[in-house]
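Right, one structure below, let's go through it.
Numbered from 1 within each chain, the chains take letters A, B, ... in sequence-line order.
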Amino acid sequence: MAKMDGASDNPYLAHMAPHMRGASSNSNGTGKTNGGKSHPLEGIIPRKVRGEQARKLLDGDVNPFTNKPYSTQFKKILEARKKLPVYAQMDEFFQLFNNNQCVVMVGETGSGKTTQIPQFVAYSDLPHTKGKLIACTQPRRVAAMSVAKRVADEMDVQLGKEVGYSIRFEDMTEPGTTFLKYMTDGTPHTFRSPNLALMLAQRYSTIILDEAHERTLSTDILMGLLKEIAKKRKDLKIIVMSATLDALKFQRYFGTVLSDDGKLAPLLKVPGRTFPVETFYTQEPEPDYVEASIRTVLMIHQAEDPGDILLFLTGEEEIEDACRKIKLEADDLDPSTVGPLLVIPLYSSLPPAQQQRIFQPAPSPRTTGGPQGRKIVVSTNIAETSLTIDGIVYVVDPGFSKQKVYNPRIRVESLLVSPISKASAQQRAGRAGRTRPGKCFRLYTEKDFISQLEEQTHPEILRSNLANTVLQLVKLGVTDLVHFDYMDAPAPESIMRALEMLNYLTCLDDEGNLTPLGGMAAEFPLDPQLSKMLIVSPEFKCSNEILTIAAMLSVPNVYTRPPNMRKEADAAKALLAVPDGDHLSLLNVYNNYMQSMSLFQGRKQRIVTLAYSDEGDKNWLWNNFLNGRALAQAQNVRTQLQRTMERFDLELISSTDQRTFYVNIRKALTCGFFMQVAHKEGEKNNYLTVKDNQVVALHPSCGLDTQPEWVLFNEFVLTTRSYIRTVTEIRPEWLLEFAPTYYDVKTFPDGETKRSLLRILQKRQGRAMASVENGREKKRRRQQ
DNA sequence: GTAACATAC
């Protein structure tokens, strides 16, 4: 609190009228504090003139945040900022912001809302907040980081001081100094505490939710929580920012914060700054959208003016395949009339260096004065929101994307190629008009666009397994999950399934209350099954190993399988495999990776001239067909999980007994994954999942050398058929021992699974009888 | 006998 100790330390007060400084010293405990309700300055600078104050501060000569004169750079950037559409509406913004607790704001691409609105709030709040923060949430890490950097520059302060960001693994803020914080919308994890409402109101003056139209699971939950808190804490301001015209839904939702009479939250609408895009539709529906895409792209290349093309497809394989075909077809074109073509794939699993290729310029003409070259980017949805490619003039939109769907009946999440929404189609088209007027070719009919496409993509909360979300909410004290104020309520069955699972895992008791174990599980950034196995792992003397396995299951696939080297890759994988289970193989891979790292570190010190990456020994990784980025990530996640374990005093321990080493790990796995178990039925690769009775097969990537009768699995994948992936053999006795409620045989339908369980029970009883007999026998002998 | 749309803690 040193900052507040004297008027001269307060950067704002130093430039303020003397009577205001007087008020400040009052606030330091020497005088009255305005009835003890709000900050004393609240009464001195009324909300309604804070806009004027902000403008004065911006146009002044001294930076009120650092007390230093503004740099020339600041003035230069300020001139550019003043040209942003949002800047012209500053007064309107303050008008709404000062008079309302919640404001909805719609600003399309190029409006400047993400950088400017939080600054408007900062300049207006500065004298009032007394250590309180302004938070601005983003759905993506890169956005949180880059916007924070930009805003720090604009405000003439150092990133990580007055303006900072907070994302997983990286907190670039300075407590006590930072007052504007950009964060990922999963990071409000830091908001989460049993007395969330209190904490939020104490630490934050304003919360700004950006990109709310994307309706990510965490944005939706955060909106529900904020709404609840805002009803109780009138001093907390909320701004919801969206890029679509779907503002009415947000206005209605937040309108009820103030009253229940159907009032709408006020709306600030800021135009975007984009160029017009002309849209074309096909006359007839296209039977094969990939083929049609390729045809369209080549047509554009031959017939349209220079300008790069962006084609949206659904996944890695489809994209690589299309790229190959486009290149082949382009080779057949007449080089004297058609320019060279640069075809670049784009999807998230590409290494960053390869992703950077999208920024390469289009190729130059083959001969001076010859036909111009063109760049074409073939991308997943990643180019719809996350990555912006300048210079795109043509967009080809077949109208599909892969979307997550959740079936609560069989508790399975899967990816399905589905038609996109109108909003998504609009967003895609907009990508053609960022630098100049563009064209968008939709590979479906206008009639289908109007009548078949949904207005908005279904929010993620309706398409997800909610086990983790429900656990988080219960931890926050939300008791009635069905009637929680969701913007779109998930199916009651999804919530029931989540509650049921948490109860079986003993994260919740039979009344739905959080258990001590559940309280701990909620603190891990993991699904509850994984948290549970981590928490119980010390009992099986294998917490070090389970930590590794949990981390490995939380990162992308570490195995690589280049199309032309499949055999070699499979052989390499087999060398590091453990026959009892894929989970154990993952542990083995990680341990070998760590060993190679330490050898490598030693070597690196001697050979300093070679360029090495942080991911480790490129040679070792390549020879073993492993993904260094994924492994490095696993190491990072493992450290984070270990810290959480230590916070709860969960012992970090490994067994030294070779005979029970793997058995204990498998037992701990069973404690978390007993609901993801399959029983072999018949001779072939034919399994039936327990209770849900889904017919599945071991995935071909499975490293088991046999087909055991009982297995647990990490994932259910639905492709050409239903597979279970990442599989480990278990003993049915463990199921009966560690999950007796779930494996209550009475609840099982007749079938092989039940008969097998019954056999175990009989054997067990027999053994119990025998051991009783045995005990009596021993006793007799001792007595003799 | 085979796949990872994106994002996040």
Side-chain angles (χ1 to χ4, degrees), chain A residues 137-144 166-171 183-192 211 214-222 312-321 346-350 355 379-387 400-405 413-418 420 424 427 457 460 463-464 468-469 471-472 475 521-528 530-531 550-551 554-563 566-567 569-570 573 627 629-630 633 636-637 640-641 643-644 684-685 697-703 715 717-726:
Chain A
T137 70
Q138 297 290 322
R140 279 168 290 279
R141 297 161 56 99
V142 260
S166 176
I167 58 177
R168 189 189 193 183
F169 302 130
E170 212 182 332
D171 187 7
M183 62 217 289
T184 38
D185 61 9
T187 320
H189 185 67
T190 46
F191 293 160
R192 293 172 196 163
E211 315 287 4
E214 290 189 20
R215 302 292 308 278
T216 65
L217 183 51
S218 36
T219 304
D220 270 22
I221 294 302
L222 198 54
F312 286 101
L313 290 177
T314 64
E316 172 176 348
E317 197 182 315
E318 197 177 87
I319 287 169
E320 292 291 356
D321 188 48
L346 177 64
Y347 41 88
S348 71
S349 61
L350 277 177
Q355 285 193 3
S379 171
T380 61
N381 253 2
I382 193 171
E384 195 180 301
T385 45
S386 310
L387 278 168
F400 293 96
S401 70
K402 274 193 193 173
Q403 288 166 32
K404 190 167 72 179
V405 284
E413 268 182 356
S414 45
L415 284 173
L416 269 185
V417 173
S418 327
I420 60 171
S424 184
Q427 174 75 16
T457 311
E460 200 184 5
R463 301 183 278 120
S464 305
N468 204 14
T469 306
L471 180 62
Q472 302 292 344
K475 173 124 200 199
E523 296 294 310
F524 286 94
L526 297 171
D527 277 338
L530 290 161
S531 310
S554 305
V555 300
N557 190 359
V558 296
Y559 301 105
T560 63
R561 202 163 181 255
R566 289 193 178 146
K567 269 195 174 156
D570 291 347
K573 186 176 174 185
N627 177 347
R629 268 194 311 148
Q633 207 182 325
N636 220 344
V637 171
Q640 194 197 14
L641 297 177
R643 272 194 224 115
T644 311
K684 294 193 304 284
N685 184 359
L698 300 184
H699 193 273
S701 67
C702 175
E715 296 178 276
V717 281
L718 187 66
T719 54
T720 46
R721 60 180 294 192
S722 297
Y723 288 107
I724 49 177
R725 190 159 55 190
T726 313

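Taking the side chain of A/Pro700 as heavy atoms from C-beta on, and the options B/dC5, B/dA6, B/dG1, the nearest nucleotide is B/dG1. With distances taken from any side-chain atom of A/Ile167 to the nucleotides B/dA8, B/dA4, B/dC9, the minimum falls on B/dC9. Minimum atom distance to the side chain of A/Tyr723 is reached by B/dA3, of the listed B/dA6, B/dA3, B/dA4. Listed candidates were B/dA8, B/dA4, B/dG1. Nearest to the side chain of A/Leu415 is B/dA4. When distances are taken from the side chain of A/Lys404 to each of B/dT2, B/dA6, B/dA8, the shortest belongs to B/dA6. In this structure, the nucleotide among B/dT7, B/dT2, B/dA3 sitting nearest to the side chain of A/Arg566 is B/dA3. Of all nucleotides listed (B/dC9, B/dA6, B/dA4), B/dA6 comes nearest to the side chain of A/Thr380. Nearest to the side-chain atoms of A/Arg725 among the listed nucleotides B/dT7, B/dA4, B/dA8 stands B/dA4. Residue A/Ser348 places its side chain closer to B/dA6 than to any other of B/dC5, B/dT2, B/dA6.
In this structure, A/Asn627 contributes its side chain and A/Thr560 its backbone to no donor-acceptor pair below 3.5 Å. A donor-acceptor pair under 3.5 Å links the side-chain atoms of A/Gln355 to the main chain of A/Tyr347, judged by distance alone. Within the 3.5 Å criterion, the main-chain N or O of A/Ser701 finds no donor-acceptor partner in the side chain of A/Arg725. The closest donor-acceptor contact from the side chain of A/Arg168 to the backbone of A/Val637 lies at 3.5 Å or more, if one exists at all.
A/Asp171 places its CG atom 14 Å from the C1' atom of B/dC9, with the value rounded to the nearest Å. Here B/dC9 presents its P atom at 11 Å from CG of A/Asn636, a figure rounded to the nearest Å. Rounding to whole angstrom units, CZ of residue A/Arg463 and C1' of B/dA6 are separated by 10 Å. Separating the CD1 atom of A/Ile221 from the C1' atom of B/dA8 is a distance of 14 Å, rounded to the nearest angstrom. Atom CG in A/Leu350 sits about 9 Å away from atom P in B/dA6, given to the nearest Å. Per the geometry, CG belonging to A/Leu222 stands 20 Å off P belonging to B/dT7, to the nearest Å. To the nearest angstrom, C1' of B/dA6 lies 12 Å from CG of A/Leu346. One interatomic measurement links the two molecules: CE of A/Met183 to P of B/dT7, which rounds to 20 Å at whole-angstrom precision.
Contact check, A/Thr184 against B/dC9: a side-chain N or O comes under 4.0 Å of OP1 or OP2.
Looking at heavy-atom distances under 4.0 Å, A/Ser401 makes no contact with the nucleic acid at all. At a threshold of 4.0 angstrom between heavy atoms, the contacts of A/Pro556 with the nucleic acid are absent. Contacts of A/Asp570 with the nucleic acid, taken as non-hydrogen atoms under 4.0 Å apart, include base atoms. Residue-level contact check: A/Arg141 touches the backbone only, with heavy atoms under 4.0 Å from sugar-phosphate atoms and none from bases. A/Glu214 comes within 4.0 angstrom of nothing in the nucleic acid, heavy atoms only.
Both A/Gly315 and A/Ser554 sit near DNA chain B, but only A/Gly315 has its closest nucleotide nearer the 5' end.
If you check distances only, the side chain of A/Asn557 does reach the base of B/dA4 with a donor-acceptor pair under 3.5 Å.
For CD of A/Glu317, the number of neighbouring non-hydrogen atoms (other residues, nucleotides, ligands) closer than 6.0 Å is 12 at most.
Under the 4.0 Å criterion applied to side-chain N and carboxylate O atoms, A/Lys402 and A/Glu318 are not assigned as salt-bridge partners.
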